[in-house]
Q: 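Pasting in a structure now, in structure tokens, and then I'll have a few things to ask.
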Amino acid sequence: MTPKAYTHKDAVPYRPVDWTGLYPPAYEKGTVPHHVAIVMDGNGRWANRRGLTRVEGHKAGEAALLDVVAGAIQAGVKHLSVYAFSTENWSRSPDEVRFLMGFNRDVLHRRRDQLNEWGVRVRWAGRRPRLWSSVIKELQYAEQLTADNDVLTLTMCVNYGGRVELVDAMKQIAEEVAAGRVRPSAVSEKLIRRHLYLPDMPDVDLFVRSSGEQRTSNFLLWESAYAEFVFLDTLWPDFSRQDLWEAIDRYLGRNRRFGGAVDTPHVARGGNA
Ligand code: IPE
Ligand code: IPE
Ligand code: MG
């Protein structure tokens, strides 16, 4: 069943991407990270520090997401992947899990028209088992609605885990090998990539995590093999497009080598350039 059509009665007011009047710096052409991945972390701490329950923090994170999507569009980022619910988050209290499921469904419902208007293509990466069917329906509806957009691809990672993504890929490959369709010697990086949830998702260039934690927590493991990591202390509900631009600034100061090396003894002693 298709979810109920969105009506402007429940609408959040439409806004242009630059409604804050803030603009990113003028980046040099071709330098902006093509794919930014964000672990939206710190909602619970944000709320608890204010004497509120954890779910209030999740609620406050919705505006941060919208602001960051707008800021990514302004910066010229083409792919933004956000970690909304991990395969490990099922271990939270039943109340919090229930809230997060309903909340993800409602945010998609409330925001899809705004995202569509901005030219955002919404996609889902994650696992079906356990995920509420109402969440899957909203994800699929948003995917259909926005399928032709090309300003920015927003991948909602819901019931996503980097390890199970690889497990699922390995299972499919094992089946193909067992059926004689693939020779074991033909298993390659390219073949594995073709079996990931979104085979055409580009590698992550910039991996950002809010809230001061410095770990991946199982996010986009394969895709982030050569990502630059930026950890910011801001808690997710306080996170804004300016934090994203700060992360991009730090990224632009990095020297990505991809295993290569350039001999520059004349540049500096002990330098990293
Ligand atoms: C991130 O915030 C949101 C989800 C994991 C769904 P947390 O809920 O992890 O907040 P902290 O890390 O406990 O502060
Ligand atoms: C990662 O954050 C998952 C999401 C942001 C959805 P967690 O808060 O669940 O990760 P840990 O528990 O700190 O590693
Ligand atoms: Mg957390």
Side-chain angles (χ1 to χ4, degrees), residues 35-69 72 79-111 122-132 134-136 138-139 142 154-168 197-198 201 204 206-224 227 229-240 243-244 247:
H35 184 185
V36 177
I38 306 186
V39 180
M40 309 185 286
D41 196 20
N43 298 348
R45 278 164 283 167
W46 181 92
N48 286 170
R49 278 177 203 173
R50 283 167 176 71
L52 303 169
T53 57
R54 297 177 53 81
V55 300
E56 296 305 320
H58 299 315
K59 287 185 197 166
E62 178 178 350
L65 175 60
L66 264 283
D67 196 53
V68 166
V69 171
H79 292 262
L80 180 67
S81 299
V82 295
Y83 210 3
F85 191 89
S86 77
T87 45
E88 287 69 39
N89 286 147
W90 294 106
S91 65
R92 297 191 177 191
S93 74
D95 277 352
E96 185 170 350
V97 167
R98 205 173 305 122
F99 176 84
L100 283 168
M101 285 294 131
F103 185 65
N104 273 292
R105 178 195 62 214
D106 296 348
V107 168
L108 285 158
H109 190 84
R110 261 199 296 280
R111 301 296 187 169
V122 178
R123 296 183 94 186
W124 167 43
R127 253 197 166 186
R128 270 167 184 278
R130 287 186 92 174
L131 188 54
W132 283 16
S134 59
V135 178
I136 296 177
E138 286 294 347
L139 284 161
L154 173 66
T155 302
M156 300 293 302
C157 300
V158 189
N159 200 22
Y160 175 87
R163 285 186 172 178
V164 291
E165 178 176 34
L166 291 172
V167 168
D168 288 345
Y197 294 139
L198 297 174
M201 173 192 275
V204 175
L206 168 60
F207 184 115
V208 181
R209 183 166 186 154
S210 60
S211 90
E213 305 297 350
Q214 302 194 358
R215 54 179 171 266
T216 66
S217 297
N218 203 14
F219 191 39
L220 297 175
L221 295 184
W222 179 277
E223 299 84 347
S224 298
F229 285 74
V230 171
F231 299 104
L232 297 175
D233 288 336
T234 316
L235 300 173
W236 182 251
D238 291 329
F239 208 91
S240 72
D243 295 286
L244 173 71

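Atoms within a ligand are numbered from 1 in the order they appear, just like the ligands themselves.
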Q: Relative to each other, are the rings of F85 and W90 parallel, tilted or perpendicular (30° and 60° limits)?
A: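 Answer is perpendicular, since the angle exceeds 60°.
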Q: Could you check atom 13 (O) of ligand 1 against the protein and tell me its nearest heavy-atom contact, residue, atom and distance included?
A: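 Result: R54 NH1, 2.9 Å.
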Q: If we ignore hydrogens and angles and just use 3.5 Å, is the side chain of D67 paired with the main-chain N or O of S240 as donor and acceptor?
A: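 Judged by distance alone, no pair lies under 3.5 Å.
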Q: When you compare ligand 1 with G44, is there at least one nitrogen or oxygen pair between them that comes in under 3.5 angstrom?
A: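 So ligand 1 has an N or O lying under 3.5 Å from an N or O of G44.
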Q: Under a 4.5 Å cut-off applied to non-hydrogen side-chain atoms, are S93 and R54 in contact?
A: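 Not in contact.
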Q: For R92, is the nearest heavy atom under 4.0 Å from an atom of ligand 2?
A: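 True for this residue.
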Q: How far is atom 12 (O) of ligand 2 from its nearest protein heavy atom, and which residue and atom is that?
A: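 Scanning the protein heavy atoms, the shortest distance from atom 12 (O) of ligand 2 goes to R215 NH2, 4.6 Å.
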Q: Examine the side chains of H35 and S81 and answer whether a donor and an acceptor come within less than 3.5 Å of each other.
A: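 Per modelled atom types, H35 and S81 side chains form a pair under 3.5 Å.
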Q: Give a yes or no on this: more than 12 heavy atoms of other residues, nucleotides or ligands lie within 6.0 Å of atom CZ of R50.
A: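 Enclosed.
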Q: Does the residue S211 have a heavy-atom contact with ligand 1, meaning some pair of atoms that are separated by less than 4.0 Å?
A: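 The answer is no, since S211 has no heavy atom less than 4.0 Å from ligand 1.
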Q: Looking only at heavy atoms of H58, does any of them come nearer than 4.0 Å to an atom of ligand 2?
A: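 It does not, in that no heavy atom of H58 comes within the 4.0 Å cut-off of ligand 2.
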Q: For atom 9 (O) of ligand 2, find the nearest protein heavy atom and state the residue, atom name and distance (0.1 Å precision).
A: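 Of every protein heavy atom, N89 ND2, 2.9 Å lies nearest to atom 9 (O) of ligand 2.
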Q: Suppose I only count heavy atoms of V39 and a 4.0 Å limit; which atoms of ligand 2 are within that range?
A: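 That gives atoms 1 (C), 5 (C) of ligand 2.
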Q: Kindly confirm or rule out an N or O of S86 lying under 3.5 angstrom from an N or O of ligand 2.
A: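 No, there is no polar N/O contact under 3.5 Å.
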Q: Could you tell me if D41 and S210 have a donor-acceptor pair between their side chains, going purely by distance under 3.5 Å?
A: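 Looking only at side-chain atoms, D41 and S210 do not form any donor-acceptor pair under 3.5 Å.
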Q: To check your reading of the model: name the closest protein heavy atom to atom 6 (C) of ligand 2, its residue, and the distance in Å.
A: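 For atom 6 (C) of ligand 2, the nearest protein heavy atom is Y83 O, 3.3 Å.
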Q: Please write down residue, atom name and distance for the protein heavy atom closest to atom 11 (P) of ligand 2.
A: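 Checking every protein heavy atom, the shortest distance to atom 11 (P) of ligand 2 gives S217 OG, 3.5 Å.
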Q: Among the N, O or S atoms of D41, which one sits nearest to the Mg ion (ligand 3)?
A: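 Considering only N, O and S atoms, D41 comes nearest to the Mg ion (ligand 3) through OD1.
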Q: Please work out which of the three classes, parallel, tilted or perpendicular, describes the rings of Y83 and F219, given edges at 30° and 60°.
A: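 Plane angle under 30°, so parallel.
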Q: For residues W46 and D238, report the shortest heavy-atom separation together with the two atoms involved.
A: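 Between these two residues, the closest heavy atoms are NE1-OD1, 3.0 Å.
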Q: Please tell me whether T87 and R130 have a donor and an acceptor in their side chains that are separated by less than 3.5 angstrom.
A: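 Per modelled atom types, T87 and R130 side chains form no pair under 3.5 Å.
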Q: Under 3.5 Å between any N/O of D41 and any N/O of ligand 2: does that happen in this structure?
A: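 Such a contact does occur with ligand 2.
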Q: Which ligand 2 atoms, with their elements, are less than 4.0 angstrom from a heavy-atom of F85?
A: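 In order of number, 6 (C).
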Q: For E96 and H58, does a side-chain donor sit closer than 3.5 Å to a side-chain acceptor?
A: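 Indeed, the side chains of E96 and H58 share at least one donor-acceptor pair under 3.5 Å.
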Q: Could you list the atoms of ligand 1 found under 4.0 angstrom from a heavy atom of A84?
A: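 Selected atoms, number and element: 6 (C).
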Q: How far is atom 2 (O) of ligand 2 from its nearest protein heavy atom, and which residue and atom is that?
A: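 Protein heavy atom with the smallest distance to atom 2 (O) of ligand 2: R209 NH2, 3.5 Å.
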Q: For atom 1 (C) of ligand 1, what's the nearest protein heavy-atom neighbour? Residue, atom name and distance, please.
A: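 The closest heavy atom on the protein side is M40 O, 3.0 Å.
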